[in-house]
Amino acid sequence: MPELPEVETTRRGLLPLVKGHRIQTVMAHETRMRWPFEPRWIPSLQGQTILDIRRRAKYLLMPLTQGELLIHLGMSGSLRCVQPDSPRRKHDHLEFRLDNGLVMRFHDPRRFGCVLWQAPGEDPPALLDRLGPEPLSEAFCGQHLFQLSRGRKQAVKAFIMDQTTVVGVGNIYASESLFLAGIHPARAAGRISRKRYDLLAEHIRQTLRRAIESGGSTLRDFLGGNGEPGYFQQTLLVYGREGQTCTRCGNTLVSRTIGQRASVYCAACQH
DNA sequence: CCCGATTCCTGTAGGC
DNA sequence: TGCCTACAGGAATCGG
């Protein structure tokens, strides 16, 4: 599933293929998504140049000559540039033909993602309003987590997966980071020390950085590549390893639902 | 405000 | 082999 590292990898892979290129035609085969793609945007989009690709949280932002495209990959979405003769796959919902001959395709089987156009002068979608700091920025640190969590009874895992706390931490990275920091995922966020939050923040950063590095190696080929996730899975320590042994102490990893999400952890190593 | 529960959707895995 | 169900997950929104 596209988490922050995969979104960032997508951004880096696509940038040299689309930057400075004009959108010649747009085709919408399926518009029902988390928020619908409006076909009336098509005439406005055609003829515009993609000036850049930026990322905020798990959103890709593409400033155009006029306005901006805002794309979220949800949990099954992907965005690729392919040769125009490559067959359209099931769930390739949107196609953008570029003036360099490539076609940028938005693919999303579960349709939890979205592609929105913000017209010039229009208020940006409220989707970006309440986002917390980027985990790889200076603004994100143990101090931030500590301050924000005081008095909160919410499980720390749900707390760090909340996008208003910090963006980009999904179930995988929350699970891995908590294991590395030795913190039990169900512990009340407000009852964790500053020192432990310093450690947790560092592990969140490190886990995301490493995943971005791994993602870069398997999602490299945006022209013909497979674009499928799986790159980081060999290195996972707890996520998806319920019933297997803890790499640190050898005990059996357990799974419990915390904040409506399956949470795997080591009861011996995490307190 | 806080927080748990619900909702959207389809591919995949597991049970029988 | 095939059918059926449960589950996965990002994040907005609802309800207590």
Side-chain angles (χ1 to χ4, degrees), chain A residues 1-11 29-37 55-61 70-79 89-94 106-116 123-135 145 147-178 185-192 204 208 211 215 226-233 236 238-244 254-265:
Chain A
M1 64 253 33
E3 305 257 349
L4 186 146
E6 198 168 349
V7 175
E8 177 60 22
T9 303
T10 297
R11 188 189 73 79
H29 306 283
E30 172 61 82
T31 60
R32 295 170 299 170
M33 301 170 204
R34 183 65 177 85
W35 284 276
F37 176 88
R55 182 187 59 74
R56 173 68 175 111
K58 296 175 192 170
Y59 292 92
L60 290 169
L61 309 173
L70 181 121
I71 299 167
H72 197 290
L73 301 178
M75 69 155 295
S76 61
S78 62
L79 196 61
R89 297 174 301 166
K90 192 178 181 185
H91 305 302
D92 278 345
H93 304 318
L94 303 172
F106 178 76
H107 175 91
D108 188 8
R110 295 180 200 179
R111 291 192 271 121
F112 281 12
C114 64
V115 176
L116 300 173
D123 284 337
L127 301 172
L128 304 179
D129 284 355
R130 295 174 61 243
L131 295 176
E134 288 289 327
L145 292 176
Q147 273 184 353
L148 198 58
S149 63
R150 290 311 88 184
R152 306 274 294 266
K153 291 176 179 165
Q154 188 181 30
V156 62
K157 179 156 176 280
F159 173 68
I160 61 171
M161 286 174 67
D162 182 336
Q163 55 146 14
T164 64
T165 303
V166 57
V167 301
V169 182
N171 200 13
I172 296 176
Y173 300 112
S175 304
E176 297 297 298
S177 305
L178 287 166
R187 172 171 285 270
R191 300 194 55 236
I192 292 173
I204 288 173
L208 290 171
N226 57 29
E228 298 304 319
Y231 51 85
F232 197 61
Q233 276 161 18
L236 293 178
V238 289
Y239 180 85
R241 296 193 63 240
E242 177 190 5
Q244 299 180 41
V254 295
S255 179
R256 218 182 101 184
T257 299
I258 297 168
Q260 291 76 244
R261 289 279 174 269
S263 305
V264 184
Y265 60 95

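In what follows, chains are A, B, ... by sequence order, proteins preceding strands, each numbered from 1. Just so you know, these numbers come straight off a predicted model, no measurement behind them. The figures that follow rest on heavy atoms only: side chains count, while hydrogens, waters and symmetry mates do not.
The CG atom of A/Leu128 sits 14 Å away from the C1' atom of C/dA12 (whole-angstrom rounding). In this structure, A/His91 places its NE2 atom 10 Å from C1' of B/dC9, rounding to the nearest Å. Taking atom CZ of A/Arg89 as the reference point, atom C1' of B/dG11 lies 14 Å away to the nearest angstrom. Spacing between atom NZ of A/Lys90 and atom P of B/dT10 amounts to 9 Å, rounded to whole angstrom units. The CG atom of A/Asp108 sits 9 Å away from the C1' atom of B/dC9 (whole-angstrom rounding). A/Asp162 places its CG atom 9 Å from the P atom of C/dA12, with the value rounded to the nearest Å. A/Asp129 has its CG atom 13 Å from the C1' atom of C/dA12, to the nearest Å. For A/Leu116 and C/dA11, the CG to P distance is 14 Å, given to the nearest whole Å.
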TODO: Begin with the C-alpha distance, continue with both residues' side-chain angles, and end with the deciding distance and a verdict on side-chain contact (heavy atoms from CB on, under 4.5 Å) for A/Ser255 and A/Val264.
DONE: CA-CA 4 Å; A/Ser255 179; A/Val264 184; 4.1 Å; yes

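Within 3.5 Å, a donor on the side chain of A/Arg110 pairs with an acceptor on the base of C/dA8, or the reverse. Interface remark: the A/Gln163 side chain does not form any donor-acceptor pair with the C/dA11 base, using a distance-only criterion of under 3.5 Å.
A sub-4.0 Å separation between OP1 or OP2 of C/dA8 and a side-chain N or O of A/Arg261 is absent. Side-chain N/O atoms of A/His72 include none lying less than 4.0 angstrom from OP1 or OP2 on C/dG10. In terms of phosphate contacts, A/Gln260 brings no side-chain nitrogen or oxygen within less than 4.0 Å of OP1 or OP2 of B/dG4. OP1 or OP2 of C/dA11 lies within a sub-4.0 Å distance of a side-chain N or O belonging to A/Lys58.
Here the side chain of A/Arg111 is nearest to one of B/dC9, C/dA12, C/dA11, namely B/dC9. Side chain of A/Trp35, nearest nucleotide from C/dA12, C/dG10, B/dG4: C/dA12.
Between A/His93 and A/Phe106, the ring-plane angle classifies as tilted under the 30° and 60° cut-offs.
Residues A/Arg56 and A/Glu134 are paired through a salt bridge, judged by an N-O separation under 4.0 Å between the basic side chain and the carboxylate. With salt bridges taken as basic N to acidic carboxylate O contacts below 4.0 Å, one links A/Arg89 and A/Asp92.
Checking side-chain atoms of A/Ser76 against main-chain N and O of A/Arg110 turns up a donor-acceptor pair under 3.5 Å.
Nearer to the 5' terminus of DNA chain B, by closest-nucleotide assignment, is the contact made by A/Gln154 (compared with the other of A/Arg32 and A/Gln154). Between A/Tyr59 and A/Ala262, the one whose closest nucleotide on DNA chain C sits nearer the 5' end is A/Ala262.
The aromatic ring of A/Phe112 does not sit over the base of C/dA11; the criterion of centres under 5.5 Å apart with planes under 30° is not met.
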